[in-house]
There are 4 protein chains.
Amino acid sequence: MPRAVREQQMLDAAVRTFGQRGYMAASMDEIAELAGVSKPLVYLYLNSKEDLFTACIRREARALTEAVRAGARPELPADRQLWSGLTAFFTHTARHPDGWAVLHLQARTHGEVFAGEVAAMRAEIVAFVTQLILAAAREAHRDPDFPEREVSGLAEALVGAAESLADWANATSGVTARQSAATLMNFAWAGLGDLMAGRHWSPPEDGDAPGVQAGRTSPVR
Amino acid sequence: MPRAVREQQMLDAAVRTFGQRGYMAASMDEIAELAGVSKPLVYLYLNSKEDLFTACIRREARALTEAVRAGARPELPADRQLWSGLTAFFTHTARHPDGWAVLHLQARTHGEVFAGEVAAMRAEIVAFVTQLILAAAREAHRDPDFPEREVSGLAEALVGAAESLADWANATSGVTARQSAATLMNFAWAGLGDLMAGRHWSPPEDGDAPGVQAGRTSPVR
Amino acid sequence: MPRAVREQQMLDAAVRTFGQRGYMAASMDEIAELAGVSKPLVYLYLNSKEDLFTACIRREARALTEAVRAGARPELPADRQLWSGLTAFFTHTARHPDGWAVLHLQARTHGEVFAGEVAAMRAEIVAFVTQLILAAAREAHRDPDFPEREVSGLAEALVGAAESLADWANATSGVTARQSAATLMNFAWAGLGDLMAGRHWSPPEDGDAPGVQAGRTSPVR
Amino acid sequence: MPRAVREQQMLDAAVRTFGQRGYMAASMDEIAELAGVSKPLVYLYLNSKEDLFTACIRREARALTEAVRAGARPELPADRQLWSGLTAFFTHTARHPDGWAVLHLQARTHGEVFAGEVAAMRAEIVAFVTQLILAAAREAHRDPDFPEREVSGLAEALVGAAESLADWANATSGVTARQSAATLMNFAWAGLGDLMAGRHWSPPEDGDAPGVQAGRTSPVR
DNA sequence: AATGAATGAGGATTCATTCAT
DNA sequence: GATGAATGAATCCTCATTCAT
């Protein structure tokens, strides 16, 4: 059996095991057995548990970003692009729950190296969403000078909301990708429109900032 | 040294260690050393690693919910309540990054028992936000019959977005709690207002160009 | 509460715990709790787990030998003395199963020091039984020159059989002390009579010694 | 080195360690070292301390029963069979003192699971002895209707006596297997003959002087 | 006379990882 | 290309034992 195939089998087994057990609780024994090979072979092909996990993260990150990009076809108007990108996102995370768990739960929980891998993928998606928001503003002939940093924050929020929804959908049975996407569009799009039109929600000048909590404090670090 | 004090020291050390290393990678040795006690004492007071972790979750969950409740003062209008609740939330998660990591990253990643503990806290917060949204609708004399189930979904999305933002703010330097809260209010509040007024974003039938429509159309969910 | 009383309570608890859990599995914590005192007090009165166990052995050994001696009244004929001694023995072991377990199971299983304590008690009883057998021979006007070493061997066997029966009776419900004593008298007394009368069972000259087992051998040590 | 061989080495080491230190006091470290392997290998092959101990019990029980069966050749008369079986028994227990300690001392002292394993072996031997006693009765043309339950009780006593003697012989230097066997035959065989002939020892009614009586009287049991 | 507080030492068990073949 | 055999290094947990009060 050619090496490339064997390697994919191992990654399949690893993603499944890491996704379900968690990085630390997953044992190389279990992964090797699930892959149907002996442990030394896993080490021969993938070096170490860390490298194996990194390989999983990379493969799954690539698969996810490609799914999203493939979903959002650039010839559509911005809102439709966002809609179909989100649908692709929720579809993919629902179809590959272990991969999603690896990316969103495990990789961020077990060391900065892994978290960095995911952060790179995430940055790519945030940038993509940022472009979509700006495009939407242009299409609606709204103020094109809206500060880009603010838009990035909104994109962050939107992506974060999508991630949360994906987790929630995976944990709840009977929620389709379209439903998740619709919920998020409903929640976010009109607000974005208002924002683009210059209608902000303004925080109170002050006095409402919650006081410093008395009692135990831990330094902000 | 009296038992209660020692216990808090242990919990402090445990939250910090669990938050930084992760549940599995944290060793009882390390926790005991950080707490300045011997390992047997940790076991004497807190029984097992699982129990210790559960105790951490409970303490941090309670601290967080109390911070949020204390922030949102009920005499204010709903949007201001939400604003100050969010500010309190982001302040707390920024001040207690390890506690937040325990709640949001670790507890959800290592076993259903732990996840359940956090889910209970989360449900409480979602319910609170749901009340705020309904109150806001009433204050604005909007349709008070808006289906509560839908509102809960929106509250879920809002809480999810807040959680993501908290993670992001903790990972990014220079983001204040007020900024996070403002971003989220901007992102969500206008949209919620539109939704309350019946203006949905409708998904394309399948190939249709969507747009914001006046009047109530059949929501996807 | 006077020290002597407290000490007996501790020994009660210790005998019970040692008898049921075994020497090693019994924890000083459990013993102290069962005795209703704090652990340091146990150490204050009884020094160490080893000393505590030794104290248990001594107390139970003394109680058992005294019960047997009290049962066998010297004015009776030898067989009646043996009968009543055995009855007392089985009665006592049935009434104090934990004490018996300490003496017969635990003490012999956990180190030569403890085994020695029991061996002393046992030797006393074997000597007593030896006297009874010799007295019986005299009473029946049989050969008084029967070699004493041989008689000791018989006494050993009788005591050993009694011990086995006591274990078996404690493990089996519904066996009374009288029944056990009768079984043993039946089993042994007639044979002893025959022996005393010079009727031995003679082993074959040779040729029946079982061969050296082939295969795994472990040195006799 | 092939697995089967290593396993036997481990069992050898384990029997020796368990036999000398006791089940609880024996450490897996010590066993592994004595076997000349690392601890993980012991766990890989034998799973746990409990399983290892059970494996020891089974191996030693089988070895002992096979030694006894091989010793007692069925073509001989019953008394000679018993004699050679006993000789084989005492020879085996003397050659494998640790194995015997495991079976007779340790297994019965540390949990019902282990005790059960030994009980099965013991039952097999008791049944074998029962057959021999019945055969002896037949050979001597004695009452073949002697109640089998009573015979089983006698077999129990005989086996118990043999076990005690084996312990005693192992603890006392200079006692040969033939001597032990002879002592036991002398002790038991004539008495059995008398019993078979209906001569019981009757317990005093209560205060009566007892004696050996001809004819069958109601046995206590 | 009695105890709450505390620990050094050790034991069972698991796991990532590597040879020799 | 592939594996059976093997282990160093931790990790969780327990227990006998001791102070300071």
Side-chain angles (χ1 to χ4, degrees), chain A residues 1-3 6 23-32 36-53, chain B residues 1-7 10 21 24-32 35-53, chain C residues 1-3 5-6 23-32 36-53, chain D residues 1-7 10 21 23-32 35-53:
Chain A
M1 182 167 307
R3 168 162 180 159
R6 271 274 157 87
Y23 173 62
M24 302 243 42
S27 85
M28 296 297 273
D29 267 301
E30 188 178 358
I31 292 171
V37 297
S38 72
K39 235 188 324 176
L41 199 59
V42 179
Y43 278 87
L44 188 64
Y45 285 2
L46 288 143
N47 282 323
S48 71
K49 196 184 189 184
E50 279 202 354
D51 284 5
L52 173 57
F53 192 47
Chain B
M1 182 168 307
R3 171 167 180 153
V5 176
R6 270 276 201 267
E7 246 180 60
M10 291 178 194
R21 294 259 191 279
M24 301 233 55
S27 86
M28 296 297 275
D29 265 302
E30 189 179 356
I31 293 170
V37 297
S38 70
K39 229 185 332 173
L41 200 60
V42 179
Y43 279 90
L44 189 61
Y45 285 180
L46 288 143
N47 286 323
S48 70
K49 197 182 187 183
E50 268 194 47
D51 283 7
L52 173 57
F53 193 47
Chain C
M1 182 169 307
R3 169 162 181 157
V5 176
R6 270 276 157 86
Y23 174 62
M24 300 241 42
S27 85
M28 296 296 275
D29 267 300
E30 189 178 356
I31 292 171
V37 297
S38 73
K39 234 187 324 175
L41 199 58
V42 179
Y43 278 87
L44 188 63
Y45 284 1
L46 288 144
N47 281 324
S48 71
K49 197 184 187 182
E50 279 202 354
D51 285 4
L52 173 56
F53 192 46
Chain D
M1 182 166 307
R3 171 168 179 154
V5 175
R6 270 279 149 82
E7 248 181 58
M10 291 177 194
R21 294 259 191 278
Y23 174 63
M24 301 234 54
S27 87
M28 295 298 274
D29 264 303
E30 188 178 0
I31 292 171
V37 296
S38 69
K39 233 185 328 174
L41 201 59
V42 180
Y43 278 90
L44 190 62
Y45 285 179
L46 287 145
N47 286 323
S48 70
K49 197 182 188 183
E50 268 195 45
D51 284 6
L52 174 57
F53 193 46

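Proteins get letters first, then strands, A, B, ... in listed order; numbering begins at 1 in each.
Taking a pair as Watson-Crick or G-U wobble with both distances under 3.5 Å, the runs of three or more consecutive pairs in DNA chain F are E:2-21 with F:2-21.
The side-chain hydrogen bond (donor to acceptor under 3.5 Å, both in side chains) check on Lys49(A) picks up nothing, with sequence neighbours excluded. Take Asp51(C) and apply the side-chain contact (heavy atoms from CB on, under 4.5 Å) test, not counting sequence neighbours, and it matches Asn47(C), Ser48(C).
Heavy-atom nearest nucleotides on DNA chain F were determined for Leu41(D) and for Ala25(B), and the one closer to the 5' end corresponds to Leu41(D). In terms of position on DNA chain E, the residue among Ser38(C) and Ser38(B) whose nearest nucleotide sits closer to the 5' end is Ser38(C). The nearest heavy atom of DNA chain F to Leu44(A) and to Tyr45(D) marks one nucleotide each, and the one closer to the 5' end goes with Leu44(A).
With values rounded to the nearest 0.5 angstrom, Leu52(B) atom CG is found 5.0 Å from Met28(B) atom CE. Distance check, rounded to the nearest 0.5 Å: CE of Met1(B) to CG of Leu41(B) gives 10.5 Å. Atom CD1 of Ile31(D) is separated from atom CE of Met10(D) by 11.0 Å, given to the nearest 0.5 angstrom.
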Expected rows: protein N/O vs nucleotides 12-14 of chain E N/O, under 3.5 Å:
unit_1: dA12(E); atom_1: OP1; unit_2: Ala26(D); atom_2: O; d: 3.2
unit_1: dA12(E); atom_1: OP1; unit_2: Lys49(D); atom_2: NZ; d: 2.8
unit_1: dA12(E); atom_1: OP2; unit_2: Met28(D); atom_2: N; d: 2.9
unit_1: dT13(E); atom_1: OP2; unit_2: Tyr43(D); atom_2: OH; d: 2.9
unit_1: dT13(E); atom_1: OP2; unit_2: Lys49(D); atom_2: N; d: 3.0
unit_1: dT13(E); atom_1: O4; unit_2: Lys39(D); atom_2: NZ; d: 2.8

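Within a 6.0 Å sphere centred on CZ of Arg21(D), other residues, nucleotides and ligands contribute 12 heavy atoms or fewer.
Put simply, chain D comes within 4.0 Å of DNA chain F, heavy atom to any atom, from dA5(F) to dG8(F), going 5' to 3'.
Ala32(D) and Ser38(D) get closest at one heavy-atom pair: CB-C, 4.0 Å. The heavy-atom pair separating Leu44(C) from Arg3(C) by the smallest distance is O-NH2, 4.3 Å.
Within the structure, the salt bridge (Lys or Arg N to Asp or Glu O under 4.0 Å) test picks out the following pairs touching residues 37-46 of chain A (sequence neighbours left out): Asp29(A)-Lys39(A).
Across all strands, Arg6(C) comes closer than 4.0 Å only to sugar-phosphate atoms, never to a base (heavy-atom distances).
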